Protein chains: 2
Amino acid sequence: MKRRSTPTKEAVISVLNASNKAMSQDAIEHKIEIEIDRATIYRVLNQFCEDGIVHKIIADDGKQYFAICKKCDDQKLPDNHFHFRCSSCQTIECLPALVHFSVPESYKVERFNCILIGKCKDCS
Amino acid sequence: MKRRSTPTKEAVISVLNASNKAMSQDAIEHKIEIEIDRATIYRVLNQFCEDGIVHKIIADDGKQYFAICKKCDDQKLPDNHFHFRCSSCQTIECLPALVHFSVPESYKVERFNCILIGKCKDCS
DNA sequence: TTATTATTGCAACTTAATCGCAATAATAAT
DNA sequence: ATTATTATTGCGATTAAGTTGCAATAATAA
Ligand SMILES: [Mn+2]
Ligand SMILES: [Mn+2]
Ligand SMILES: [Zn+2]
Ligand SMILES: [Zn+2]
């Protein structure tokens with residue numbers, strides 16, 4: 001499917017770019033000036049994920065958060081860093097720390113979703 | 001709140017003990033012989049989590065999974081191990097590998113939720 | 001300018017999980 | 001053994017996140 005450039009996509013990308021945190025659909029919608037439907041935002045975000053522009057994080061609240069891929073390597077494990085969720089201000093950010101792990105024999109790791117929960121620098 | 005011993009609690013614990021995987025409420029309900037209401041199972045599971053008997057994992061599908069704390073240390077970070085979700089058979093298991101991480105200055109880590117996704121030993 | 005089809009808005013739907021409340025039952029008190 | 005206390009349960013309603021079908025709209029190609 002060929003991609004088309006639309007006001008919606010530009011608005012969503014713009015908001016994500018302006019933020020140094022991962023954002024939920026809800027947060028993105030509130031931050032955007034123009035009115036965009038919930039379903040559309042999800043569709044656009046998932047498209048960005050497919051295209052490797054954005055990555056999705058499932059937080060420990062079970063919700064989806066989205067963040068711009070700033071320095072994600074396009075390797076086998078593109079999003080190979082920890083995420084941090086502040087239990088005070090609830091924000092989620094990408095940490096520079098890479099995830100290192102070891103798995104038992106014959107397990108194959110394709111991707112991961114790793115979140116540390118605690119107090120961020122502003123809240124501790 | 002004092003705890004009371006009930007058939008429901010025994011059934012839930014029994015099912016979790018018999019499994020070497022983490023289980024969802026739904027999976028637990030199907031495995032139990034007697035009929036127990038969904039809300040009750042969730043309440044019992046959350047109580048077990050409070051009491052440190054069970055730990056909860058939020059998988060990358062956003063759902064809650066529960067596993068017996070077999071060798072969890074009762075330290076500050078009780079559930080300090082990786083979890084593995086098989087993208088073929090969908091099962092989730094506790095890995096022996098501990099999570100090691102580093103966070104920027106003045107971040108305080110309280111707990112974490114780290115999941116590796118891939119093919120388990122049976123599916124790879 | 002017209003044709004193609006990706007994108008959007010809307011409403012309906014799905015699923016997970018929680019909550020209020022009255023009824024039930026495990027345990028303590030008598 | 002009987003009664004009192006209150007933790008637990010079932011039920012239904014509710015919340016919330018996310019998805020889907022479909023017809024209308026609009027970006028891009030022809
Ligand atoms: Mn990230
Ligand atoms: Mn575990
Ligand atoms: Zn914070
Ligand atoms: Zn498997």
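Everything numeric here is computed off the predicted structure, so don't read it as measured data. Basis for what follows: all heavy atoms, side chains included, without hydrogens, waters or symmetry-related copies. Per chain, numbering begins at 1; letters A, B, ... match sequence-line order.
At distances below 3.5 Å, at least one donor-acceptor pair connects side-chain atoms of A:D37 with backbone N or O atoms of A:A39. Proximity of a side-chain donor or acceptor of A:S87 to a complementary backbone N or O of A:G118 within less than 3.5 Å is detected.
Within the shown strands, C:dA3 is the pairing partner of D:dT28 under the Watson-Crick or G-U definition, both distances less than 3.5 Å. Remark: D:dA1 base-pairs with C:dT30. Criterion, Watson-Crick or G-U wobble with two distances under 3.5 Å. Base pairing annotation: D:dA13 forms a Watson-Crick or G-U wobble pair with C:dT18, both donor-acceptor distances under 3.5 Å. Pair assignment for C:dT8: D:dA23, on the basis of Watson-Crick or G-U wobble contacts that are both within less than 3.5 Å.
A donor and an acceptor atom never sit less than 3.5 Å apart when one is taken from the side chain of B:R38 and the other from the base of D:dG10.
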Review point. Tell me, for nucleotides 2-10 of chain C in 5' to 3' order, what letter each nucleotide earns: B for a base near a protein heavy atom under 4.0 Å, S for only sugar-phosphate near one, - for neither?
Key: --BBBSBBB

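B:Q25 comes within 4.0 angstrom of nothing in the nucleic acid, heavy atoms only. Contacts of A:N46 with the nucleic acid, taken as non-hydrogen atoms under 4.0 Å apart, involve only primed sugar atoms and P, OP1 or OP2.
In this structure, A:D60 atom CG and C:dA16 atom C1' are separated by 16 Å, rounded to whole Å. Atom C1' of nucleotide C:dT14 and atom NZ of B:K63 are separated by 12 Å, given to the nearest angstrom. Look at CZ on B:F66: it is 13 Å from P on C:dA16, rounded to the nearest Å. In this structure, CD1 of A:I34 is placed 18 Å from P of D:dT25, rounded to the nearest angstrom. Across the protein-nucleic acid pair, B:I58 atom CD1 and C:dA17 atom C1' stand 11 Å apart, rounded to whole Å. For the pair A:M23 CE and D:dG18 P, the interatomic distance rounds to 14 Å; values are reported in whole Å. Between the P atom of D:dG18 and the CD1 atom of A:I28 lies a distance of 11 Å, rounded to the nearest Å.
A donor-acceptor pair shorter than 3.5 Å cannot be found between the side chains of B:Q64 and B:S24.
Atom NZ of B:K21 has more than 12 neighbouring heavy atoms from other residues, nucleotides or ligands inside a 6.0 Å radius.
Note on B:E110 versus A:K119: salt bridge recorded, some NZ/NE/NH1/NH2 to OD/OE distance being below 4.0 Å. Taking 4.0 Å as the cut-off between side-chain N and carboxylate O, B:D26 and B:K63 do not count as a salt-bridged pair.
Using the six-membered ring where Trp is involved, A:F101 and B:F82 have ring planes that are perpendicular, over 60° apart on the 30 and 60° scheme.
Residue B:Y42 places at least one side-chain N or O under 4.0 Å from the OP1 or OP2 atom of C:dA17.
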